[in-house]
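Structure, as structure tokens:
Remember, predicted model here, so these are calculated numbers, not experimental data. By convention in this document, chain letters (A, B, ...) are assigned in the order of the sequence lines, proteins followed by strands, and residues within each chain are numbered from 1.
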Amino acid sequence: MKLTSSHYAARMGFGLGVLYLLLATPVARDWMEASMSRHMLVQMPLLVVIGILASRLLPTHWQNSVLAHLGGAIPFVVVALFASTYWMLPRALDAALNDPVAEVAKFISLPLLVGFPLVLAWRRLTLIGRGFVWTNFISMLAVLGWLYIVAPVRVCNSYLVNDQESAGWYMVIGAVLLFLWWLGTLFVGGGVGPDKPDRNGTGTSLA
Amino acid sequence: MSSPVKRSVVITSLVVLLGTWVFWWGTDGFTALTAETARRVEILRSPRPLPAVTLEDQDGNIFNLQDYQGKLLAVDFIFTRCTTLCRSMGMIFKQIRDLIPPESLGRDFQLLSISFDPDHDDPVSLKKYGQTYGADGKIWRIARVPDKAELKSLLEAFGIVVIPDEFGGYEHNTALHLVGRDGKLRLISDIDKAVPFAEQVVALL
């Protein structure tokens, strides 16, 4: 049993590594970043998801000890909030296109400072904590999307104003769908979001 | 640091401080959330030298950007096929010219509209654009940068990003630029701030 799970982890880790490197190739970056919608709503979420899936492969005892040493779930959630919000700044998007340092920072910080801390914190968050993370994220997405739709100016010098508007619409629609889905999990899955309740029962303690 | 709650509070505070500092640093003290604002803030703080480029105006005259040194120069970027913003840019530049005392025009202050589309904008199209707004080719020149490499370095120095749109034209960040007597870019304003822009120029005359 242990052997198969580590096999699975190795294969998964390899797959994620390949996906990460693929995303980092100039061809993939050019294509993803040519449109604001793909940049913000495909590439950046994918980087976070890679971080989330990769972090889940880390041994549980190791995750717990990192969490315990660094003050529990709350600082981890705050790190993820700051890092994800930063990459929503129009200026950060432009910088990622024009400044290689910013691009590298994006590729490192989205998995490491958004995906990784969310995974570590998630199992320790109560329903209310998870609800806070979800509603915060969903409302931010909706508000930002709305701003992009109604903004009288082009917020990114590197993107067409039409592109900004459609990215805005995708964000608003995405926020509504996410909200409905999350609301659904409240009734169906006990309100824990995408994750199963922690088997160790630690999911109820707010570290 | 013994109790976990205390530790959590301390580390959370540190994270908040650090995160706030990163935002402060990344937005020029919460003032510049977009690259466009950042460009303007940076120019105000430290005027930027411009590269030596050769231009060709609506009458086919060849000249250098550096020829303007010793005078104040208003610069905007256009392409003559533009049907939207550049049209109003023409009107705005005309308005600025008319707000400057006539005795300073040409002597101490000039205007230059630079096309970033040298393939389409030959002197004939530049002339046509100029005539629409009364650009005389002396006080106000409409010009292109024939050399692509020079054009690229000029756009970079000004911080102008030009991207093709789906109608065969371009979208670009549109603004009013003021180059000082030392040949450095010293001010970038919104295009709806023509009057304050002209007032700034008059104050410097």
Side-chain angles (χ1 to χ4, degrees), chain A residues 33-36 64 66-99 101-102 105-106 109 113-114 117 121 124 144 147-148 151-164 166 205-207, chain B residues 1-42 77 84-85 155-156 158-175 188 190-193:
Chain A
E33 292 166 6
S35 125
M36 193 173 185
N64 286 338
V66 170
L67 206 59
H69 275 95
L70 293 176
I74 296 170
F76 281 76
V77 169
V78 176
V79 166
L81 277 182
F82 268 108
S84 56
T85 312
Y86 189 83
W87 289 109
M88 289 195 186
L89 291 177
R91 186 176 175 182
L93 281 187
D94 264 333
L97 290 173
N98 301 318
D99 181 358
V101 177
K106 185 184 77 182
S109 65
L113 295 182
V114 183
R124 297 295 183 92
L144 198 70
L147 282 176
Y148 277 9
V153 291
R154 217 156 50 104
V155 295
C156 282
N157 283 343
S158 310
Y159 291 116
L160 297 173
V161 72
N162 289 349
D163 203 3
Q164 172 178 323
S166 51
S205 69
L206 196 67
Chain B
M1 288 290 275
S2 51
S3 101
V5 173
K6 213 184 216 174
R7 176 180 294 218
S8 181
V9 169
V10 169
I11 295 183
T12 305
S13 314
L14 288 176
V15 166
V16 169
L17 273 177
L18 187 69
T20 311
W21 178 79
V22 169
F23 267 77
W24 171 271
W25 166 83
T27 59
D28 289 306
F30 305 123
T31 57
L33 301 184
T34 64
E36 183 59 17
T37 323
R39 167 175 92 108
R40 297 172 185 198
V41 171
E42 197 191 320
F77 289 87
T84 53
L85 266 181
L155 293 177
E156 257 167 35
F158 271 91
I160 303 291
V161 182
V162 178
I163 43 176
D165 67 15
E166 58 259 57
F167 312 111
Y170 300 96
E171 263 182 38
H172 56 107
N173 42 341
T174 324
I188 306 176
D190 265 333
I191 56 168
D192 57 359
K193 300 281 191 300

Worksheet item: Among Asp165(B), Val16(B), Thr27(B), Val5(B), which residue forms the greatest number of heavy-atom pairs with chain A at distances under 4.5 Å?
Response: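 Maximum pair count with chain A is reached by Val16(B).
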
Worksheet item: Got a sec, which pairs hit side-chain hydrogen bond (donor to acceptor under 3.5 Å, both in side chains) with one end in residues 28-38 of chain B, sequence neighbours left out?
Response: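 Checked against side-chain hydrogen bond (donor to acceptor under 3.5 Å, both in side chains) - neighbours excluded - the pairs reaching residues 28-38 of chain B are Arg91(A)-Asp28(B), Asn157(A)-Glu36(B), Asp28(B)-Arg45(B), Thr34(B)-Thr37(B), Glu36(B)-Arg39(B), Glu36(B)-Arg40(B), Glu36(B)-Asn173(B).
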
Worksheet item: CD1 of Ile11(B) to NE2 of His69(A): how many Å apart, nearest 0.5 Å?
Response: 10.0 Å

Discussion item. Within this structure, what is the CG-CD1 distance for the pair Asp163(A) and Ile163(B), rounded to the nearest 0.5 Å?
Written reply: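 Taking CG in Asp163(A) and CD1 in Ile163(B), the distance rounds to 8.0 Å.
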
Worksheet entry | Atom group of Val161(A) that falls short of 4.5 Å from chain B, counting heavy atoms | both

Worksheet item: What part of Ala68(A) lies closer than 4.5 angstrom to a heavy atom of chain B: side chain, backbone, both or neither?
Response: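 Interface part for Ala68(A): backbone (N, CA, C, O).
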
Fill in: Test side-chain contact (heavy atoms from CB on, under 4.5 Å) applied to Val15(B) and Phe76(A), step by step
CA-CA 9 Å; Val15(B) 166; Phe76(A) 281 76; over 6 Å; no

Closest heavy-atom contact between [X] and [Y]?
X: Val161(B); Y: Ser158(A); value: CG1-CA, 4.2 Å
X: Arg154(A); Y: His172(B); value: NH2-C, 2.9 Å
X: Ser8(B); Y: Gly71(A); value: OG-O, 2.9 Å
X: Pro164(B); Y: Leu160(A); value: O-CD2, 3.7 Å

Discussion item. Taking side chain as everything from C-beta outward and backbone as N, CA, C, O, which of these in Val22(B) sits under 4.5 Å from a heavy atom of chain A? Side chain, backbone, both or neither.
Written reply: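 Contact with chain A: backbone and side chain both.
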
Worksheet item: chain A heavy atoms under 4.5 Å from Ser13(B): which part of the residue, side chain, backbone, both or neither?
Response: neither

Fill in: Choice from Thr85(A), Val77(A), Leu93(A) maximising heavy atom contacts with chain B below 4.5 Å
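The candidate making the most pairs under 4.5 Å is Thr85(A).
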
Worksheet item: Are Leu18(B) and Phe82(A) close enough, and set up right, to give a side-chain contact (heavy atoms from CB on, under 4.5 Å), and what steps lead you there?
Response: CA-CA 9 Å; Leu18(B) 187 69; Phe82(A) 268 108; over 6 Å; no

Worksheet entry | Sequence-distant partners of Tyr159(A), side chain to side chain donor-acceptor pair (under 3.5 Å), two or more places apart |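 Result, side chain to side chain donor-acceptor pair (under 3.5 Å) vs Tyr159(A): His39(A).
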
Item to complete: Keeping the roles fixed (side chain from Arg7(B), backbone from Gly72(A)), state whether a donor-acceptor pair exists under 3.5 Å.
Response: no

